[in-house]
Protein chains: 2
Amino acid sequence: MKKRVTELTGVKEIARRANVSIATVDRVLHNRKGVSKQTKEKILSIIEELNYEPNLLAQRLASRKTLRLATLVPEISKETSFWEAPLKGIEQADKEIKQFGIIIDKYFYDQNKIESFVEQTKIILESKPDGILLAPSFIEESVSFTDKCRELNIPYVLIDSDLPNGGSLSYIGPNLYHSGYLAAHLVSYLVKNGEKILIVNISREIDNHHHLLKKEEGFRAYFNKHNMPDSIIKIDIRDTDLKSIEKYLSKIFIEHTDIKIVFVTNSRVSKVAHFIENSKKDVILIGYDFLKENIMYMDKGIIDFLVCQKPKQQGYRGLISLYQHLAFSSPVEKIYFMPIDILTKENSAFYRN
Amino acid sequence: MKKRVTELTGVKEIARRANVSIATVDRVLHNRKGVSKQTKEKILSIIEELNYEPNLLAQRLASRKTLRLATLVPEISKETSFWEAPLKGIEQADKEIKQFGIIIDKYFYDQNKIESFVEQTKIILESKPDGILLAPSFIEESVSFTDKCRELNIPYVLIDSDLPNGGSLSYIGPNLYHSGYLAAHLVSYLVKNGEKILIVNISREIDNHHHLLKKEEGFRAYFNKHNMPDSIIKIDIRDTDLKSIEKYLSKIFIEHTDIKIVFVTNSRVSKVAHFIENSKKDVILIGYDFLKENIMYMDKGIIDFLVCQKPKQQGYRGLISLYQHLAFSSPVEKIYFMPIDILTKENSAFYRN
DNA sequence: TTTAATTACGGGTACGTTAACGAATATATA
DNA sequence: TATATATTCGTTAACGTACCCGTAATTAAA
């Protein structure tokens with residue numbers, strides 16, 4: 001530990017060199033009006049010369065501003081624990097930046113009720129936040145919500161899934177197509193000639209089906225590109241209860257006896273695993289997401305691979321990006337695709353979500 | 001943006017409630033002497049009651065202390081670009097925390113010259129830093145260095161490889177055994193009956209051979225545990241030039257014509273890839289690390305899988321841990337194993353090192 | 001009892017920045 | 001020319017914490 005030498009590059013030094021007061025320096029730093037062209041240029045050149053960087057600590061400390069950010073993500077349901085992870089990321093970010101004068105208001109909606117989503121967006125808009133983090137499950141409603149945000153000049157960051165209307169400060173989430181493509185690549189190592197591949201889409205009517213389709217598209221694209229024997233079967237299941245799923249699955253396994261690989265396009269893979277385990281099928285099972293129930297089946301050896309895209313990070317990074325944009329107007333990557341992680345029984349214990 | 005409401009939980013408020021000055025509050029906060037037992041307890045109970053958390057911004061700003069951290073890692077050689085990544089992580093951390101009054105001095109050693117390592121450690125000790133980040137390639141020398149650090153009460157963090165003497169503030173790096181175990185798990189999906197697996201260790205006499213052995217041990221353990229047909233061949237190559245490597249490889253491929261899987265236990269896998277490409281062997285190649293040359297061979301389809309453990313993160317996290325420990329005495333995970341990432345042609349573009 | 005030493009505490013300035021307020025100067029309007 | 005209105009700038013008090021320095025009160029030593 002050493003005594004710190006007095007900073008020779010702060011506003012004070014700039015003011016001294018320019019023969020003005022620090023208030024004037026402050027004005028040009030935030031290019032507010034009230035400074036003559038001459039002195040402004042003089043000060044700018046000195047700033048350049050010293051290549052001055054403001055002290056972020058002092059900046060936040062002195063700023064009497066409070067930033068209020070709102071987050072809107074699905075509530076955690078019995079249906080799926082997926083949204084636990086992004087929420088944890090949000091909470092971590094909250095903890096880290098709250099002492100910087102940031103207040104984070106968390107809003108949730110029910111993925112089964114569009115009205116709940118719309119309702120929450122209204123409440124959020126009324127609260128006039130400075131920035132918004134949004135997981136847009138319902139596309140149409142999200143588009144009109146974000147359109148309003150842009151009108152009101154409220155920056156927003158999307159996570160988990162993107163929107164067609166553009167204009168977000170950033171999208172942080174998966175590249176769905178490529179994650180399907182990667183899964184296919186994995187499968188290509190595992191499938192032998194004559195064996196069949198089953199794609200399983202499980203989603204409710206209300207779900208964002210587009211998600212699954214994109215993954216399937218990527219998956220199929222790989223096999224098309226590599227002229228692999230087209231032995232892909234697909235099943236769409238629009239019920240999410242275990243019974244229905246098992247009914248459909250046993251039916252298709254009777255129709256096709258040579259299925260060796262099963263690719264489930266979302267995190268409901270554990271339900272398929274349940275079926276596979278009970279029916280003692282010898283297949284390779286690939287699915288999505290680092291959920292407790294999925295990991296359990298992976299440890300048992302029923303699920304072979306999980307593809308995962310750091311959902312916790314998505315929440316965390318989303319908020320941090322908003323904060324940095326608003327507080328320091330630092331540049332933000334317009335599209336930040338999460339890495340496509342491959343989990344197996346042997347590396348899942350080391351995974352950081 | 002809203003005006004911030006005046007903080008009602010700072011030292012000032014505590015002082016007001018306790019009927020003392022903030023200086024006294026400050027004394028008990030840092031439990032310095034000069035406070036009577038009575039007032040100390042009174043203040044402590046108020047701190048408890050308000051569950052006061054110091055404002056880190058103000059704390060760093062007001063502190064006239066400068067923390068000096070030293071980093072000692074291998075210099076970037078033509079031999080391998082591996083150490084580029086940790087260095088980048090170090091530089092990123094530097095950028096982020098230098099405005100918090102942290103000065104980072106970077107030292108480098110030549111992996112071919114033990115003396116250079118020893119020399120640098122001496123220079124570092126003379127500079128009396130407040131903390132050290134170390135990549136301990138030479139075990140014996142590192143042990144005696146870190147022993148001295150402990151004597152001098154200088155906390156140190158190890159990255160990339162651990163030391164037997166313990167006492168580090170934290171180890172941040174791979175679990176070598178498990179990364180080998182994972183690789184074997186992958187291989188188990190890919191190998192067919194009767195096919196041979198070749199383990200390739202390439203390292204110089206001076207290198208930390210222990211690294212490779214640990215991975216090999218994990219790799220073999222998997223096959224032992226799963227009673228897989230023992231068809232593992234192994235070759236140790238103690239020269240790192242392309243010519244020697246190719247000589248040894250072609251010899252072993254002549255001896256064993258049924259090698260279908262090659263597992264290279266470190267980042268020199270690109271040299272093996274070069275051989276495989278030229279000799280047009282049809283094998284699955286697995287190796288380590290996200291290096292340019294490796295990625296190139298992966299894109300070409302010569303290397304099938306790379307195992308990687310976020311070397312950049314290691315440098316970054318190492319410094320951040322040191323900083324947080326020293327500045328805020330926040331708790332640090334004693335062992336932080338990096339995730340074991342699996343890279344293929346199809347997800348490497350999205351990888352964050 | 002006087003003096004010295006020790007203990008307990010408060011005042012006040014500094015860290016680098018923000019921004020409210022008001023003063024001074026320049027320019028426009030009558 | 002007198003007055004109003006912009007324009008340009010400086011003074012100053014915060015933000016929450018650290019810590020130097022001085023002083024009053026208490027205790028110990030003479």
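Numbered from 1 within each chain, the chains take letters A, B, ... in sequence-line order. The structure displayed is predicted, hence computed values, not measured ones.
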Just to verify, what does [X] make a side-chain hydrogen bond (donor to acceptor under 3.5 Å, both in side chains) with, not counting sequence neighbours?
X: A:Ser170; answer: none
X: A:Ser36; answer: A:Thr39
X: B:Tyr171; answer: none

Rounded distance in Å - [atom1] ([X]) to [atom2] ([N]):
X: B:Lys65; N: D:dT17; atom1: NZ; atom2: C1'; result: 12 Å
X: B:Leu61; N: C:dT18; atom1: CG; atom2: P; result: 12 Å
X: A:Arg60; N: C:dA19; atom1: CZ; atom2: P; result: 10 Å
X: A:Phe100; N: C:dG16; atom1: CZ; atom2: C1'; result: 15 Å
X: B:Leu57; N: C:dG16; atom1: CG; atom2: P; result: 15 Å
X: A:Leu56; N: C:dC15; atom1: CG; atom2: P; result: 18 Å
X: B:Leu50; N: D:dG16; atom1: CG; atom2: P; result: 14 Å
X: B:Asn55; N: D:dA18; atom1: CG; atom2: C1'; result: 13 Å

Between the protein and nucleotides 12-14 of chain C, which nitrogen or oxygen pairs are less than 3.5 angstrom apart?
residue: C:dA14; atom: O4'; partner: B:Arg64; partner atom: NH2; Å: 3.2

Which residues pass the side chain to side chain contact (heavy atoms under 4.5 Å, CB included) test with A:Glu84, sequence neighbours left out?
-> A:Ile76, A:Ser81, A:Lys292

For residues 16-29 of chain A, pull every pair meeting salt bridge (Lys or Arg N to Asp or Glu O under 4.0 Å), keeping only residues two or more places apart or in separate chains.
-> A:Glu13-A:Arg16, A:Glu13-A:Arg17, A:Arg17-A:Glu49, A:Asp26-A:Arg32

Would you list the pairs meeting salt bridge (Lys or Arg N to Asp or Glu O under 4.0 Å) in which at least one residue belongs to residues 143-166 of chain B, sequence neighbours left out?
->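 Salt bridge (Lys or Arg N to Asp or Glu O under 4.0 Å) check on residues 143-166 of chain B returns B:Asp147-B:Arg150.
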
Note down the inter-axis angle between the two ends of the helix from C:dT1-D:dA30 to C:dA30-D:dT1, five pairs each, to the nearest 10°.
-> 50°

Would A:Lys65 and A:Asp130 satisfy salt bridge (Lys or Arg N to Asp or Glu O under 4.0 Å), going step by step from the backbone distance to the final call?
-> CA-CA 11 Å; A:Lys65 303 270 175 56; A:Asp130 299 296; over 6 Å; no

Mind running a 4.0 Å heavy-atom check of residues 27-41 of chain A against DNA chain C and sending the residues that fall below it, in number order?
-> A:His30, A:Arg32

Side chains of residues 40-48 of chain B: which donor-acceptor partners sit under 3.5 Å, not counting sequence neighbours?
residue: B:Ser45; atom: OG; partner: B:Lys42; partner atom: O; Å: 2.9

Could you list the residues that satisfy salt bridge (charged side-chain N to carboxylate O under 4.0 Å, His left out) with A:Asp110, not counting sequence neighbours?
-> A:Lys113

Are any of the side-chain heavy atoms of B:Ser168 and B:Leu163 separated by less than 4.5 Å?
->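 They are not in contact (no side-chain heavy atoms under 4.5 Å apart), so the answer is no.
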
Return all side-chain donor-acceptor pairs below 3.5 angstrom for residues 317-327 of chain B, not counting sequence neighbours, or 'none' if the list is empty.
residue: B:Ser321; atom: OG; partner: B:Arg317; partner atom: O; Å: 2.8

With the side chain of B:Asp26 defined as its heavy atoms from C-beta on, choose the nearest nucleotide among C:dG10, D:dA18, C:dT17.
-> D:dA18

